[in-house]
Protein chains: 4
Amino acid sequence: MPANKKPTRAQQKAMRPLQILEAAFEEFIAKGFSATRVEDVAERVGVTKGTIYVYFETKEKLFESMVEYVSEPFKESFRGFVTKTDDPFEALESFLSFLFAQIVNERRMRELFRLVVSEGRTFPDMIDRHHDTFMEPVITRIDQIVDAGVARGIFRQKSAELPKVIMAPIIGTVVFRLIFDDRRPLDSDEVLSTHIDLLMNGLKQAMA
Amino acid sequence: MPANKKPTRAQQKAMRPLQILEAAFEEFIAKGFSATRVEDVAERVGVTKGTIYVYFETKEKLFESMVEYVSEPFKESFRGFVTKTDDPFEALESFLSFLFAQIVNERRMRELFRLVVSEGRTFPDMIDRHHDTFMEPVITRIDQIVDAGVARGIFRQKSAELPKVIMAPIIGTVVFRLIFDDRRPLDSDEVLSTHIDLLMNGLKQAMA
Amino acid sequence: MPANKKPTRAQQKAMRPLQILEAAFEEFIAKGFSATRVEDVAERVGVTKGTIYVYFETKEKLFESMVEYVSEPFKESFRGFVTKTDDPFEALESFLSFLFAQIVNERRMRELFRLVVSEGRTFPDMIDRHHDTFMEPVITRIDQIVDAGVARGIFRQKSAELPKVIMAPIIGTVVFRLIFDDRRPLDSDEVLSTHIDLLMNGLKQAMA
Amino acid sequence: MPANKKPTRAQQKAMRPLQILEAAFEEFIAKGFSATRVEDVAERVGVTKGTIYVYFETKEKLFESMVEYVSEPFKESFRGFVTKTDDPFEALESFLSFLFAQIVNERRMRELFRLVVSEGRTFPDMIDRHHDTFMEPVITRIDQIVDAGVARGIFRQKSAELPKVIMAPIIGTVVFRLIFDDRRPLDSDEVLSTHIDLLMNGLKQAMA
DNA sequence: CATGAATGAGGTTTCATTCAT
DNA sequence: AATGAATGAAACCTCATTCAT
């Protein structure tokens with residue numbers, strides 16, 4: 001069963017948009033929307049400029065489709081994430097581990113953040129969608145876990161911004177890695193466990 | 001003591017570079033390096049393209065000078081920051097308050113982060129300088145405070161990444177504000193006090 | 001006698017070129033040669049670009065074939081036109097009525113004129129053919145009628161350019177309709193009868 | 001008093017738009033709007049593409065400005081045209097001579113007609129303006145002359161479309177020259193005098 | 001110092017045409 | 001016969017930069 005050297009035309013056609021989106025991702029995160037040339041994307045795929053326009057109407061549409069494309073895996077795995085425990089500590093730890101794995105340690109997600117920060121002003125829709133499908137659900141989930149902990153007298157009365165304070169180190173770590181990871185790598189697992197450790201103590205302490 | 005209605009021509013002349021840097025800042029943060037036109041900067045100042053080139057050799061140099069320019073105030077105030085207490089809790093709280101005031105609540109600093117994230121790949125020097133004059137000193141200072149606390153048996157044994165975990169929420173909050181503040185404003189003071197509160201409890205707990 | 005619901009595939013096939021020529025006509029008169037896309041023509045027929053090239057080698061050839069195609073009906077009817085009278089007045093009136101019916105009041109012929117005017121410089125052959133198969137025969141026929149009238153002492157001695165002067169209002173009316181008919185419709189019948197009336201009097205008068 | 005070899009920069013600047021409009025006219029009439037390249041216009045002026053865009057925002061705007069520019073002389077001379085006689089025959093003859101001189105025998109005006117015919121569908125404004133500033137005033141003037149003649153019992157009762165019938169040969173002759181003049185030149189003066197002669201007889205006849 | 005006309009390289013997009021299926 | 005993916009040449013337009021005034 002030898003590997004298929006040449007894909008059929010039908011296979012080729014089905015793959016093209018994906019190939020282009022992959023290439024677009026790499027180019028856009030490397031140079032930003034404006035400084036990326038459509039031709040760069042084409043070259044990376046191994047086709048000519050015109051081919052890009054067979055699949056995407058404009059550079060803007062290509063960018064937006066690409067953002068959609070790289071956002072999908074997280075949305076998918078978030079939908080599939082279920083807490084298996086009733087213990088608020090374990091629930092929080094479990095969810096934070098999940099977020100670290102899916103966001104901090106996923107290059108795609110880290111770079112997606114770069115784009116949200118850098119191109120958000122030019123693509124407000126992206127911000128809205130990112131908020132609605134990412135930030136809002138995540139914050140809400142944290143909120144629920146904290147609420148449950150508070151209701152059961154395990155966590156202390158929460159502050160209004162507590163969910164964001166719990167979330168902030170994740171965003172911070174993402175950005176830290178985006179900026180400095182090349183020269184100052186950071187031990188993500190250590191950061192995660194430290195963050196959790198701090199949180200567990202910080203939240204529990206109230207009960208003392 | 002007459003009000004200075006019109007600056008003299010000499011004063012005007014001396015201000016030109018500053019005006020240009022201010023204008024450049026606004027344009028570059030709004031559209032990014034690549035999408036900003038030198039003419040946009042000129043228009044904002046009220047001069048013509050050519051004038052920009054009287055003071056700055058290239059668009060790149062203008063950008064770099066602008067980053068330098070908006071970075072200065074933080075460096076200045078950081079140099080002037082002294083801890084007046086020996087108590088590690090107070091020292092940490094004091095320093096975090098300082099960072100919130102100087103970074104999270106300073107539009108210039110927030111937007112500077114946007115540029116570091118978005119243009120860092122194109123301007124590696126900026127990243128290096130930002131690391132050396134901003135991140136490194138800040139982390140070091142946190143480290144010192146934590147070390148002091150540990151040495152005096154007030155804080156528990158610290159993790160290697162603890163300073164970054166303490167710093168991360170600040171970066172995270174900056175980025176949160178950069179991205180969502182327009183539609184989901186966040187109560188910075190509440191975030192600060194919650195963060196400090198959590199930290200105090202989290203760190204102290206070790207002693208229990 | 002069942003209605004022919006669907007043409008057979010063979011019939012379909014035979015019709016393709018005609019359908020394409022029809023579509024090409026509509027597109028070319030609407031946007032001109034250069035601004036018309038081969039794909040527009042294809043879409044109008046309901047096929048894809050490639051199909052056009054099955055029947056026509058290039059866009060130019062398509063255009064030329066189309067001009068040929070829409071010119072045919074006039075040539076046909078002109079060949080079939082016979083003067084049934086000996087009276088020069090009646091002959092002239094009859095021929096002018098024929099020309100109005102076939103040219104001024106025929107959308108195809110009017111639009112053909114638009115193409116001759118607009119694309120003539122790019123397609124000199126079209127001009128030549130239009131001259132040889134249209135203008136020249138028509139002018140000649142007018143000339144013959146006038147000659148006959150002069151020979152029989154009914155019309156006055158003609159001017160060298162008289163046939164063109166007789167013809168010019170027809171072209172003028174065509175162009176008037178091409179340009180302004182949408183907002184300033186013109187009563188073709190009234191124009192025809194006025195033109196004839198004027199001519200009859202103008203030509204006859206000489207004899208007085 | 002030697003000729004000024006090099007115009008000053010100020011002179012140059014004042015002339016540029018005119019030079020460009022002249023060049024645009026020649027290019028647009030030769031190839032039509034769509035097939036004309038901005039670079040062709042630039043080359044004809046002896047500057048580069050970019051220079052065109054210093055003076056005209058888009059190719060469309062350039063086209064429209066050019067139409068405006070070449071229309072002006074006729075509007076000017078039409079405003080200056082006054083009939084010096086009370087005799088309707090003379091008035092009509094005088095006006096038709098004027099129109100032949102200004103329209104039929106003016107290359108600019110002839111070619112303007114080509115553009116109206118060929119680009120009218122793409123530039124409806126041009127049609128409107130051409131109607132309002134050219135066709136309508138001319139037709140109105142003819143109408144007035146004819147009315148005066150009828151009122152004084154010199155011309156017969158006019159037909160509703162008579163002014164257009166009087167005007168049509170002029171448009172027809174223009175178009176004839178546009179299309180065929182290269183290979184079948186036409187004697188404009190002869191056409192004019194024949195047209196006038198025919199008209200005079202045709203109109204006067206009523207009195208008999 | 002300041003201007004702004006001019007440049008020209010380069011970017012996005014279009015489209016006639018080809019060709020494997 | 002018909003398709004439509006792919007090409008690549010070329011068009012429109014932009015903009016950093018220069019330089020004579």
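All chains are named by letter (A, B, ...) in the order of the sequence lines, taking the proteins before the strands, and each is independently numbered beginning at 1.
For Y53(D), the side chain to side chain contact (heavy atoms under 4.5 Å, CB included) criterion is met by V38(D), not counting sequence neighbours. Every residue meeting the ring pair (Phe, Tyr, Trp, His ring centres under 6.0 Å) condition with F63(A), not counting sequence neighbours, appears here in chain and number order: F28(A), F33(A), F123(A). Contacts of E64(C) classified as salt bridge (Lys or Arg N to Asp or Glu O under 4.0 Å), with partners at least two apart in sequence or in another chain: none. Applying the salt bridge (Lys or Arg N to Asp or Glu O under 4.0 Å) criterion to D128(B), with sequence neighbours excluded, gives R183(A). Residues forming a salt bridge (Lys or Arg N to Asp or Glu O under 4.0 Å) with E68(D) (at least two apart in sequence, or on another chain): R129(D). Residues passing the salt bridge (Lys or Arg N to Asp or Glu O under 4.0 Å) test with E60(A): none are found, sequence neighbours excluded.
The nearest whole Å value for the distance from the NZ atom in K31(C) to the P atom in dT14(E) is 13 Å. The distance between atom CD1 of I52(A) and atom P of dT12(E), rounded to the nearest whole Å, is 11 Å. Look at CD1 on I20(C): it is 8 Å from P on dA2(F), rounded to the nearest Å. Distance CD (Q19(B)) to P (dC1(E)): 14 Å, rounded to an integer number of Å. For the pair M15(B) CE and dA2(E) P, the computed distance is 12 Å after rounding to whole Å. Residue L62(D) contributes atom CG, which lies 13 Å from atom C1' of dC13(F) at whole-angstrom precision.
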Please report, to 0.1 Å, the donor-acceptor pairs under 3.5 Å made by any side chain of residues 111-118 of chain A, with sequence neighbours excluded.
unit_1	atom_1	unit_2	atom_2	d
E111(A)	OE1	R114(A)	NE	2.8
E111(A)	OE2	R121(B)	NH2	3.2
R114(A)	NH1	V117(B)	O	3.0
R114(A)	NH2	L178(A)	O	3.4
S118(A)	OG	R114(A)	O	2.8

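Comparing G50(C) and T51(B) against DNA chain E, the residue whose closest nucleotide sits nearer the 5' end is T51(B). Two residues, E57(B) and V54(A), neighbour DNA chain F, and the one matched to the more 5' nucleotide by heavy-atom proximity is V54(A).
The side-chain heavy atoms of R16(A) and V45(A), taken from C-beta on, include a pair separated by under 4.5 Å. L21(B) is not listed as a side-chain neighbour of V70(B), based on a closest heavy-atom distance of 4.5 Å or more. Proximity of T48(D) to E39(D): side-chain heavy atoms (C-beta onward) are nowhere separated by under 4.5 Å.
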Find every protein N or O atom lying less than 3.5 Å from an N or O atom of nucleotides 10-12 of chain F, and list the pairs.
unit_1	atom_1	unit_2	atom_2	d
dA10(F)	N6	K49(A)	NZ	3.3
dA11(F)	OP2	R37(D)	NH1	2.4
dC12(F)	OP1	T36(D)	O	3.1
dC12(F)	OP1	K59(D)	NZ	2.9
dC12(F)	OP2	V38(D)	N	3.2

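Contacts between residues 119-127 of chain B and DNA chain F, counted as heavy-atom distances below 4.0 Å, involve no residue at all. Residues from residues 40-48 of chain B placing a heavy atom under 4.0 Å of any atom in DNA chain E, listed by number, are V47(B), T48(B).
Judged purely by atom type and a 3.5 angstrom limit, S65(A) uses its side chain to pair as donor or acceptor with the backbone of K61(A).
Listed by first and then second residue, the side chain to side chain donor-acceptor pair (under 3.5 Å) pairs involving residues 22-34 of chain A are E22(A)-Y69(A), E22(A)-R108(A), E26(A)-R107(A), E27(A)-K31(A), E27(A)-R44(A), K31(A)-D40(A), S34(A)-S34(B) (not counting sequence neighbours).
For the atom pair CG of D125(A) and NE2 of H130(A), the computed distance is 14.0 Å after rounding to the nearest 0.5 Å. Separating the CD1 atom in I127(C) from the CG atom in D182(D) is a distance of 8.5 Å, to the nearest 0.5 Å.
Contact annotation for F56(A): no contact, since no heavy-atom pair falls under 4.0 Å across all strands.
Stems are defined here as 3 or more consecutive Watson-Crick or G-U wobble pairs with pairing distances under 3.5 Å; those involving DNA chain E are E:2-21 with F:2-21.
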